Amino acid sequence: MLNVSMKNVSFYYNSDEGAVLGDINMEVKAGDFVCLLGQSGCGKSTLLRLLAGLEKPTGGQMLVDGKAINGASLQRGVVFQDYGLFPWMTAGENITIALEYRFPEMKKSERKERALHWMRNVDMDESLFDKLPGELSGGQKQRCGIARAFAIDPPILLMDEPFGSLDAVTKSKLQDLVLRLWQQEGDKRKTIFFVTHEVDEALLLATHISVFSQSPASIMYSHSFDEGIKPTRKNMHTEPEIVDLRNYLIKLIHKDAEERAYK
Ligand SMILES: Nc1ncnc2c1ncn2[C@@H]1O[C@H](COP(=O)(O)OP(=O)(O)OP(=O)(O)O)[C@@H](O)[C@H]1O
Ligand SMILES: [Mg+2]
């Protein structure tokens with residue numbers, strides 16, 4: 001349960017090419033599910049890289065419970081779009097090796113039991129434990145990535161378009177799965193940063209949506225579901241408050257992209 005604070009965060013990879021992130025400000029409460037929404041190339045993955053500690057802000061501050069992020073840490077887990085599994089290890093070993101790193105004192109048998117527990121939790125058949133990632137479908141690989149992330153139990157979870165390459169049905173199943181896993185942890189639930197360019201995905205998952213402008217990125221709109229109606233698959237196209245918000249977000253992203261294109 002950790003609060004995250006970003007104050008005037010700016011970043012460039014290369015000073016000749018200009019800033020990728022302009023001025024990002026965000027206060028995130030522990031247990032929030034934050035969706036970072038924006039067009040391709042606006043800097044969403046870059047912000048996750050800063051949160052992961054893989055890059056340092058060029059300006060401003062990025063704090064977790066008041067302390068500056070300094071390098072990668074087991075307190076922040078990552079789920080990637082391309083699954084991030086070691087191809088030479090079985091699905092089960094991909095989870096148990098992460099457990100070995102996270103809990104070095106844990107017995108081998110306990111690691112295996114915990115890995116199987118999380119495979120069951122993400123609806124993966126136990127027979128997949130001994131399969132290599134190359135023998136799994138995209139959906140099964142991403143279930144394995146999610147099982148691994150939850151098994152090592154980081155208080156902060158960073159997810160970068162994790163369902164971007166999956167078909168619509170598999171994607172909706174995995175969206176429901178992540179929501180269920182996050183909700184079932186109750187008061188101890190993780191703080192999640194979830195990158196997406198899909199408005200519907202953000203509406204469905206987020207407690208808080210931050211919309212990025214094109215680069216240099218800043219947050220051009222924020223919406224919190226602390227109060228008011230929470231979007232669901234059922235009400236997304238019928239509830240006037242949600243329909244208006246959905247239309248507004250779609251227009252906002254398109255308008256920003258068009259304005260930049262004709263500059
Ligand atoms: N390692 C890097 N070195 C230099 N420039 C980079 C690097 N990674 C990304 N960029 C540039 O930073 C900008 C933002 O990229 P980023 O990957 O953060 O965008 P994104 O919003 O995640 O896009 P997408 O939705 O397509 O994944 C782009 O212009 C990209 O070319
Ligand atoms: Mg990206």
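Just so it is clear, the model here is predicted, and its values are computed rather than measured. Note that ligands are numbered from 1 as they come in the structure, with each ligand's atoms numbered from 1 the same way.
Within a 6.0 Å radius of CG in Asn14, other residues, nucleotides and ligands contribute more than 12 heavy atoms. Shown here is Tyr13, whose OH atom has more than 12 heavy atoms of other residues, nucleotides or ligands within 6.0 Å.
Taking the ring centre of Phe225 as origin, the terminal cationic atom of Lys230 falls inside the region bounded by 6.0 Å and 45° from the ring axis. A cation-pi contact, defined as under 6.0 Å to the ring centre and within 45° of the axis, is absent between Lys190 and Phe33.
In terms of protein heavy atoms, atom 26 (O) of ligand 1 is closest to Ser40 OG, 2.6 Å. For atom 15 (O) of ligand 1, the closest non-hydrogen atom on the protein side is Thr46 OG1, 3.8 Å. Of the protein's non-hydrogen atoms, Gly41 O, 3.4 Å is the one closest to atom 14 (C) of ligand 1. Among protein heavy atoms, the minimum distance from atom 25 (O) of ligand 1 is reached at Lys44 NZ, 2.8 Å. In terms of protein heavy-atom proximity, atom 19 (O) of ligand 1 is closest to Gly43 N, 3.3 Å. The protein heavy-atom contact nearest to atom 10 (N) of ligand 1 is Tyr13 CE1, 3.4 Å.
The shortest N or O to N or O distance between His197 and ligand 1 is not under 3.5 Å. Close N/O approach between Glu161 and ligand 1 is found [any backbone or side-chain N/O within under 3.5 Å].
In this structure, Cys42 has a heavy atom closer than 4.0 Å to ligand 1. At a 4.0 Å cut-off, at least one heavy atom of Val20 sits close enough to ligand 1 to count as contact.
When distances from atom 22 (O) of ligand 1 to the protein are checked, a heavy atom turns up under 4.0 Å. Of the protein's heavy atoms, at least one falls inside 4.0 Å of atom 2 (C) of ligand 1.
Backbone or side-chain N, O or S atoms of Gln81 do not reach the Mg ion (ligand 2) at under 2.8 Å.
A donor atom on one side chain and an acceptor atom on the other are not found under 3.5 Å apart for Arg189 and Gln184. Asp130 and Thr90 are not linked by any side-chain donor-acceptor pair at a separation below 3.5 angstrom, with hydrogens and angles left out of the test. Between the side chains of His197 and Gln39, no donor N or O sits under 3.5 Å from an acceptor N or O.
Every atom of ligand 1 is numbered from 1 in the order shown, and the set under 4.0 Å from a heavy atom of Ser45 is 17 (O), 18 (O), 20 (P), 22 (O), 27 (O).
Ring geometry for His223 versus Tyr221: interplanar angle under 30°, hence parallel rather than tilted (30 to 60°).
Using a 4.5 Å cut-off between side-chain heavy atoms of Ile, Leu, Val, Met, Phe, Trp and Tyr, with links allowed through other members, Leu74 and Leu50 fall into different hydrophobic clusters.
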